[in-house]
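What follows is a single structure, written as structure tokens, with notes after it.
The model shown is predicted, which means the values in this text are computed figures rather than measured ones.
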Number of protein chains: 2
Amino acid sequence: MTRVLVVDDEPQLLRALRINLRARDFAVEVAADGTAALRLAGDFHPDLVVLDLGLPDLDGVDVIQGLRGWTNVPIIVLSGRAGSRDKVEALEAGADDYVTKPFNMDELVARIRAVTRRAGPEESVRVVTVGAWSVDLADKTATGADGGTLRLTPTEWHLLELLLRNPGKLISQRQLLTAVWGPSYVKETHYLRQYMAQLRRKLEADPARPRHLLTEPGMGYRFQP
Amino acid sequence: MTRVLVVDDEPQLLRALRINLRARDFAVEVAADGTAALRLAGDFHPDLVVLDLGLPDLDGVDVIQGLRGWTNVPIIVLSGRAGSRDKVEALEAGADDYVTKPFNMDELVARIRAVTRRAGPEESVRVVTVGAWSVDLADKTATGADGGTLRLTPTEWHLLELLLRNPGKLISQRQLLTAVWGPSYVKETHYLRQYMAQLRRKLEADPARPRHLLTEPGMGYRFQP
DNA sequence: AACGCGCGTCAGGGGCGCGTGAAGAAACGC
DNA sequence: GCGTTTCTTCACGCGCCCCTGACGCGCGTT
């Protein structure tokens, strides 16, 4: 059964969503604020998160980034504001879809189905090949074609894992910094340059001309398989 | 069947629209003034509203806001006045498209189709085709028919994403400027011309004659799928 | 015709982001 | 306590992105 975590601070909306989703055969858990949402997400391991941006304690974008730091569970954002600025910010932070209130319940369910369908038949990757190296994300080892192994520091692993788990996808600097160093480090882009350089030195055949760990100027980085 | 509410105070235009839309398999309801329109919208729950701005009782913008208070049903505005001031006001209030009278019936139907197609219970778009290019908004990649990739700067992405996420819909200059550069840049329409030209150079087969990134003089820009 | 206005196009320059190297500060091992 | 590894900080040069100004064109107004 598909497990859904609903995060909203309005009791009646929470209740309406719970009833409607349970009637459609979803397992539903609810949270009323951002901190509870982040905690429950760790315990409940939902297949999908429905997140209201207007929470009492945390900013919605911070909740998204808090989740994106360790999981790429699909996130559907609810918001009372239709402003495209908010929408873009949420999507940039890692949301998968955006629904403005007031919304039609059938539409929301349709989007939930669409998002879970898309994320459904995925196997969580364990081994990724980066050039001549074979990286095992589960037991944290990297072995070369000649059988030699590579040593990576914890920070390097954290950064590399985020990129490798989203092959081909652009990960914004903000996302990387909040995930690896925390939300208060979003300005320290030089950390990224520093550690991306180290990863390239260790993994790329020609560190000056990376073929797999690519820079997207002004935006972020991307792992190209 | 798609349900359309037509709001206009001219009986002959009302009649013409009803006949034409019914012939094209729309379910049509009509209202002759703003109050009737707001009441009927609540009862009829249309999938689309065609709204004449020149109503006897209420100002057109007030009708739009009255609808937007509880629903985000697509609204296409009709107006006899070609003044850009009215257009922009209507679009800012939440209208989805704008047609000046006298209008071509086929054009109106085409816009109705475009707007309803977009708002249907479809999954949120990730990949959009623009001419020969395939643009992935999630991965931030653009690949051509020959497999080549395209590089876009952050500002170009921001602008393009806004247009591509609202296919067929007219986005006002004000909206684009506030979303990409911030609210204090609403006068800098020069930026738009600059970056729209760059996007056309990169995406359009014939940048001088754009087929997908269209200019609506005095109002804004539109992405035509 | 002259003028203003909006749009498209081109060229140039300043500033910022990126890559790189190096060194100090902190944490960890024994 | 000492050496090593890891994290953080600083400095420097280069390339490119963003902004700016200019001009031409079409269109409607005076």
Side-chain angles (χ1 to χ4, degrees), chain A residues 140 142 149-161 163 170-177 179-182 184-222, chain B residues 81-88 100 140 142 150-160 163 170-174 176-177 179-182 184-222:
Chain A
K140 296 272 192 294
T149 68
L150 195 59
R151 275 185 45 92
L152 295 179
T153 74
T155 312
E156 288 167 2
W157 270 113
H158 205 156
L159 190 58
L160 183 63
E161 185 162 0
L163 292 166
L170 176 100
I171 315 290
S172 71
Q173 309 182 12
R174 193 187 181 85
Q175 235 174 308
L176 293 166
L177 286 166
V180 178
W181 285 274
S184 55
Y185 286 72
V186 287
K187 300 288 182 190
E188 319 289 335
T189 57
H190 51 283
Y191 286 11
L192 286 181
R193 292 198 288 278
Q194 178 70 14
Y195 279 90
M196 286 304 299
Q198 289 188 30
L199 285 176
R200 282 173 181 151
R201 271 200 294 273
K202 294 185 177 180
L203 289 168
E204 292 275 1
D206 183 359
R209 297 185 176 185
R211 296 181 53 195
H212 305 97
L213 302 174
L214 308 180
T215 303
E216 299 286 342
M219 308 179 67
Y221 292 85
R222 177 200 312 274
Chain B
R81 292 176 296 180
S84 52
R85 188 190 178 79
D86 307 317
K87 298 180 190 176
V88 173
T100 53
K140 293 272 191 298
L150 195 58
R151 272 189 41 106
L152 296 180
T153 72
T155 312
E156 288 166 4
W157 270 113
H158 208 153
L159 190 59
L160 182 64
L163 292 167
L170 173 61
I171 316 286
S172 71
Q173 306 183 6
R174 193 188 186 85
L176 292 168
L177 286 166
V180 178
W181 284 273
S184 55
Y185 287 72
V186 288
K187 300 288 182 191
E188 317 288 336
T189 58
H190 191 109
Y191 290 7
L192 286 181
R193 292 197 287 279
Q194 177 74 12
Y195 279 91
M196 287 304 299
Q198 289 189 30
L199 285 176
R200 282 173 180 152
R201 269 200 295 273
K202 293 186 176 180
L203 290 168
E204 292 275 2
D206 183 359
R209 298 186 175 184
R211 296 181 53 196
H212 305 97
L213 302 174
L214 308 182
T215 302
E216 301 283 345
M219 308 171 62
Y221 294 84
R222 178 199 309 271

_Tell me which one of V180(A), I171(A), T153(A) satisfies side chain to side chain contact (heavy atoms under 4.5 Å, CB included) with L159(A)._
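Result for side chain to side chain contact (heavy atoms under 4.5 Å, CB included) with L159(A): V180(A).
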
A correct 5'-to-3' footprint of nucleotides 11-30 of chain C, with B, S and - meaning base, sugar-phosphate only and no protein heavy atom under 4.0 Å, is B------BBSBB--------

Under the salt bridge (charged side-chain N to carboxylate O under 4.0 Å, His left out) test, residues paired with K202(A) that sit two or more places apart =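 Here the qualifying residues are E156(A).
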
### Residues forming a salt bridge (charged side-chain N to carboxylate O under 4.0 Å, His left out) with E204(A), sequence neighbours excluded
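By the salt bridge (charged side-chain N to carboxylate O under 4.0 Å, His left out) rule, E204(A) matches no residue at all.
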
Hey, could you give me the [atom1]/[atom2] distance between [X] and [Y], rounded to the nearest 0.5 Å?
{"X": "M219(A)", "Y": "Q175(A)", "atom1": "CE", "atom2": "CD", "result": "11.5 Å"}
{"X": "W181(B)", "Y": "L176(B)", "atom1": "CH2", "atom2": "CG", "result": "8.0 Å"}
{"X": "Q198(B)", "Y": "L203(B)", "atom1": "CD", "atom2": "CG", "result": "11.5 Å"}
{"X": "H190(A)", "Y": "Y185(A)", "atom1": "NE2", "atom2": "OH", "result": "10.0 Å"}
{"X": "R174(A)", "Y": "L192(A)", "atom1": "CZ", "atom2": "CG", "result": "12.5 Å"}

Heavy-atom contact window of chain B on DNA chain D, given 5' to 3' at under 4.0 Å: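 Taking any atom under 4.0 Å from a heavy atom of chain B, the span is dC17(D) to dA22(D).
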
Margin query: Under the rule for side-chain contact (heavy atoms from CB on, under 4.5 Å), what residues qualify as partners of A142(A), not counting sequence neighbours?
Written below: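 With sequence neighbours excluded, A142(A) shows a side-chain contact (heavy atoms from CB on, under 4.5 Å) to V135(A), L150(A), given in chain and number order.
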
Is R222(A) reaching over with its side chain to a backbone N or O of E216(A), donor-acceptor style, under 3.5 angstrom?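 Answer holds: no.
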
- Estimated bend of the helix from dA1(C)-dT30(D) to dC30(C)-dG1(D) (axis per five terminal pairs, rounded to 10 degrees):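 The two end axes of the helix from dA1(C)-dT30(D) to dC30(C)-dG1(D) meet at 30°.
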
Would you indicate what Y191(B) reaches in the nucleic acid, counting non-hydrogen atoms under 4.0 angstrom: base, sugar-phosphate, or nothing?
->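 Sugar-phosphate only.
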
